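Notes to accompany the following structure.
Please read all numbers here as calculations on a predicted model, not as lab measurements. In what follows, chains are A, B, ... by sequence order, proteins preceding strands, each numbered from 1.
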Amino acid sequence: MTEERVEFEGIYNKLPRPIRRIFSWGRSFSIWPVHLVTGCCSPEFMQAAGPRYDMERWGVLPMASIRQSDALFFVGNVARKMMKRALRLYQQMPEPRYVVDIGICTISKGPFYDSYSLVRVADYLPVDVMISGCPPKPEAILYGTMLLRKKILGDVDEGAGKET
Amino acid sequence: MYLQIDELIRFVEANFDIIFKIAIFPGIAFIFGFLIFAVWYERKFLARLMVRMGPVHAGKVMGWLQLIADAIKLITKEFIVPRFTLRSLFFLLPILLPVIPAAMVVLIPFGPGFILYNAMGNGLILFLALSTIYPVLNMLTGWVSNNKFTIIGAFRTIYLDVAAEIPLILSIIGVVIMAGTYDLVGIVEAQSNMWFIIPQILGFIVFFIGYLGMTERVPMDFPVAEVELVFGIKTEYSGPLYLLLMEADYVNWLAWSLLMVVLYLGGYNGPNILGNPVYSGIFWTLFKLLIVLTIVLIIKIGYARLRVDQAVRMGWKYLIPLAVINLVLTILIKYILNIYQ
């Protein structure tokens, strides 16, 4: 670690519930993702951010820099060498931070199930939302961001893929 | 020591005018309100130009709570101090940066007689003097972060300052000669018959390009070039410190846009539509400000980013000669008019 960190989460967990509710509302409506283009699901993400499926309706604004962002989106198959860089990116993110898998390759290697060089993201990082598909449609990516919003608001059980 | 309520009320009643100006209108509340409005307007307007919706769901109606949500998120986020930074300046600069453009806003006349501080008739000089501090502090934010991207961004800030500010000030001298005063109120009063954009059209072109450079808007936004340098001079700032840096950017934009309205677009001059000349003056100032912001946003959507050397070459090779030609023409016109009067 090449930086010192000021932790706020311990303080926030002691705050009364209505104030935490306001904070989580603000966080849920302003998820700024960085999409780490490791594979070919990237055009789907771009389409989800583009005019037709416009993620910014829910305040999801794709950012260029990891320091100002909230969520790390893995887009496509992650190789072993890429994972080292991704771990470093994850360390550079400020708390609260979320990780989202897009595409079956990041979840279970998918068509490359017997590959020697690919890894699963969930083996290395705490993944919040997994969006399946090869590639997932832009609607699926939008639905994944909605699930992440619900998780931030505390409205959904972990792993439950159904509406609440 | 105890607070004497009666004396406090008497003090507020005696100085209500100045306290209102500091706290509400050209002062603190207006600047924060402008921040929230301008960022929301930028995101919404750019989205509409890209045939998108923009923020919709935060706050139900047009996404008006979007910026509140962003502010809550950024304030409650962790901020990271990288090792080997200059800690004192790393924390001090984001607090200091928004103050200087805010001090520039204070000098602007919003309506006839509605000005917070007229600097004893030297408002323009004080404005330009304050504006020269801002790029230096901006450069320091890149330098204290101790990162290769921020340091390249810091160099680019200085290039941009050299390329944009000298032609900008040369073009402003034309306005000063036309109006015959350094007082911003006097400059607005001198435009009651004709806005200076018509006789000073060459100077206005130079001023507009220099203005885009000084506010780091799109054709010349290379200090914060998102795809080349990660986030330019702001790369290492996160959470509330980043919020303060963004605020400084937008207050700087506000100050320079208001200066353009005052120097070239007639300031508060306009038909008296609200009955009271002060209210209608404030209305016309803000209306012209909105038009300037919209034009800058349309330029943002339509143009690519210049290279650093292109911008510096444009500044020194084309803008400074244009500004000098404008200056000579202004002096000639003024001389001829003086002969025939």
### Task
Please round to the nearest 0.5 Å and tell me the distance separating atom CG of L86(B) and atom CH2 of W143(B).
6.0 Å
#### Entry: Nearest atoms (heavy-atom pairs only) where A164(B) meets G213(B)
CB-CA, 4.1 Å
### Query
Is it true that the side chains of N252(B) and E216(B) contain a donor and an acceptor less than 3.5 Å apart?
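Distance-only check fails for N252(B) and E216(B).
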### Query
Can you say whether L65(B) sits under 4.5 Å from chain A via the side chain, the backbone, both, or neither, judging by heavy atoms?
both
### Query
Can you say whether M50(B) sits under 4.5 Å from chain A via the side chain, the backbone, both, or neither, judging by heavy atoms?
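Looking at M50(B), just its backbone touches chain A.
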### Task
Report the relative orientation of the aromatic rings in F45(A) and F73(A); use parallel for angles under 30°, tilted for 30 to 60°, perpendicular for over 60°.
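F45(A) and F73(A): perpendicular rings.
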### Message
In terms of relative ring orientation, are F30(B) and F34(B) parallel, tilted or perpendicular, with 30° and 60° separating the classes?
### Response
tilted
### Query
Relative to chain B, which of S28(A), A64(A), G50(A), S24(A) shows the most heavy atom pairs under 4.5 Å?
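Top option by heavy-atom pairs under 4.5 Å: A64(A).
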### Query
If you count heavy-atom pairs under 4.5 Å between each of M55(A), R57(A), R52(A) and chain B, which one has the most?
R57(A)
#### Entry: Residue part contacting chain B, namely of I22(A), when any heavy atom lies under 4.5 Å
both
